[in-house]
**Student:** 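Here it is, the structure in full.
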Amino acid sequence: MPKRIIEDFTGVKKEIKCIGCAITEAGKNVSGYIIETDLFHAHQDYENPISGFVVLSTKRHIKSFDEFTDEEAAEFIALVRKIRKAQREVLGIEYVYFIQEEDTEDHFHMWFLPRYEWMNDVEKFGRKVSSARPVLQFAKTHMKTPENIVSVKEAAEKLRNYFDNLPSIDGRR
Ligand SMILES: [Zn+2]
């Protein structure tokens with residue numbers, strides 16, 4: 001896999017071969033860390049400064065649901081439900097778009113993209129799911145302000161605290 005330069009949500013550029021491996025290796029030290037189990041890692045989206053935008057990824061290099069082991073399948077749905085609940089209860093996120101692209105060099109990952117009011121600007125971004133890319137591009141280009149970066153980090157911290165105070169999902173904690 002070739003190396004590529006990616007810019008994180010705070011504006012720091014890094015050269016990375018596989019973002020999934022880099023995040024797995026960094027574990028709890030990832031900026032925007034939320035929760036980790038033996039099989040999965042959840043964190044604030046690496047590149048887009050949108051509060052509460054969670055990415056849940058497998059630690060294994062797989063691309064699709066049909067490659068999940070039974071253990072991964074069970075843990076995945078438990079994590080999806082808990083993360084969505086945390087977005088709602090801790091951050092007040094009413095709607096989320098779930099996106100999972102199989103045609104990626106990265107590990108399997110699911111995007112929990114909050115649907116904020118400002119994203120409903122049809123003229124600017126397009127309608128519903130077709131607005132997802134333009135919204136992300138807008139966030140990358142215009143939302144890396146110091147105030148917004150602080151609020152994105154705070155949102156991730158709140159989600160992390162929520163999970164720190166929950167009973168363990170995989171029996172490790
Ligand atoms: Zn990898």
Side-chain angles (χ1 to χ4, degrees), residues 1-87 93 96-114 129 132-141 143-144 149 152-153 155-164 166 168-173:
M1 201 184 292
K3 284 196 172 182
R4 61 186 181 114
I5 308 268
I6 57 173
E7 184 176 319
D8 75 11
F9 71 86
T10 68
V12 176
K13 291 192 173 100
K14 277 188 191 129
E15 194 178 18
I16 282 174
K17 207 168 173 185
C18 173
I19 187 171
C21 284
I23 285 170
T24 298
E25 275 165 32
K28 291 184 168 53
N29 296 320
V30 170
S31 177
Y33 169 86
I34 295 169
I35 184 178
E36 176 181 40
T37 66
D38 282 343
L39 306 173
F40 292 93
H41 195 291
H43 43 273
Q44 162 65 35
D45 179 80
Y46 192 81
E47 297 181 87
N48 298 285
I50 295 172
S51 276
F53 180 7
V54 179
V55 178
L56 175 60
S57 61
T58 56
K59 291 192 171 177
R60 292 198 303 137
H61 267 136
I62 56 173
K63 294 192 184 303
S64 178
F65 283 109
D66 62 339
E67 296 170 83
F68 275 22
T69 61
D70 289 346
E71 204 185 355
E72 280 168 335
E75 201 169 292
F76 179 77
I77 194 62
L79 282 164
V80 170
R81 294 175 71 197
K82 286 192 164 84
I83 292 166
R84 181 65 191 93
K85 191 171 185 204
Q87 286 177 310
I93 295 169
V96 168
Y97 282 13
F98 291 85
I99 302 169
Q100 198 265 319
E101 296 175 330
E102 294 188 339
D103 54 347
T104 166
E105 290 300 308
D106 198 357
H107 302 203
F108 171 99
H109 59 287
M110 170 88 86
W111 286 350
F112 297 60
L113 177 62
V129 75
R133 275 289 164 202
V135 155
L136 298 181
Q137 201 50 57
F138 178 85
K140 275 190 200 122
T141 312
M143 291 169 62
K144 285 179 184 167
I149 290 167
V152 172
K153 284 182 174 170
E157 192 65 33
K158 283 182 191 166
L159 294 175
R160 177 184 184 154
N161 289 338
Y162 176 91
F163 280 100
D164 282 349
L166 275 189
S168 151
I169 286 171
D170 66 351
R172 283 201 313 167
R173 230 180 28 234

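Ligands are counted one by one from 1 in listed order, and the atoms in each one are counted from 1 as well. Any value given below was found using the heavy atoms of this structure, including those in side chains, with hydrogens, waters and symmetry copies removed.
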**Student:** Counting no waters, what protein N/O/S atoms lie under 2.8 Å from the Zn ion (ligand 1)?
**Tutor:** Cys18 SG, Cys21 SG, His61 NE2, His107 NE2
**Student:** Can you tell me how far apart CG (Leu79) and CZ (Phe112) are? Round to the nearest 0.5 Å.
**Tutor:** 8.0 Å
**Student:** Less than 6.0 Å separating the ring centroids of Phe9 and Phe53?
**Tutor:** no
**Student:** More than 12 heavy atoms of other residues, nucleotides or ligands under 6.0 Å from CG of Asp66: yes or no?
**Tutor:**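 Yes, CG of Asp66 has more than 12 neighbouring heavy atoms, counting only those of other groups under 6.0 Å.
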**Student:** If we check side chain to side chain donor-acceptor pair (under 3.5 Å) with Lys59, which of these qualifies: Glu36, Glu25, His107?
**Tutor:**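 That would be Glu36; it is the only one of Glu36, Glu25, His107 passing the side chain to side chain donor-acceptor pair (under 3.5 Å) with Lys59.
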**Student:** Can you sort out the partners of Thr141 under side-chain contact (heavy atoms from CB on, under 4.5 Å), two or more places apart, ordered by chain and number?
**Tutor:**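 In terms of side-chain contact (heavy atoms from CB on, under 4.5 Å), with neighbours along the sequence ignored, Thr141 is linked to Gln137.
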**Student:** Apply the test salt bridge (Lys or Arg N to Asp or Glu O under 4.0 Å) to residues Glu7 and Lys140: give CA-CA distance (whole Å), side-chain angles for both, the deciding distance (0.1 Å), then the verdict.
**Tutor:** CA-CA 9 Å; Glu7 184 176 319; Lys140 275 190 200 122; over 6 Å; no
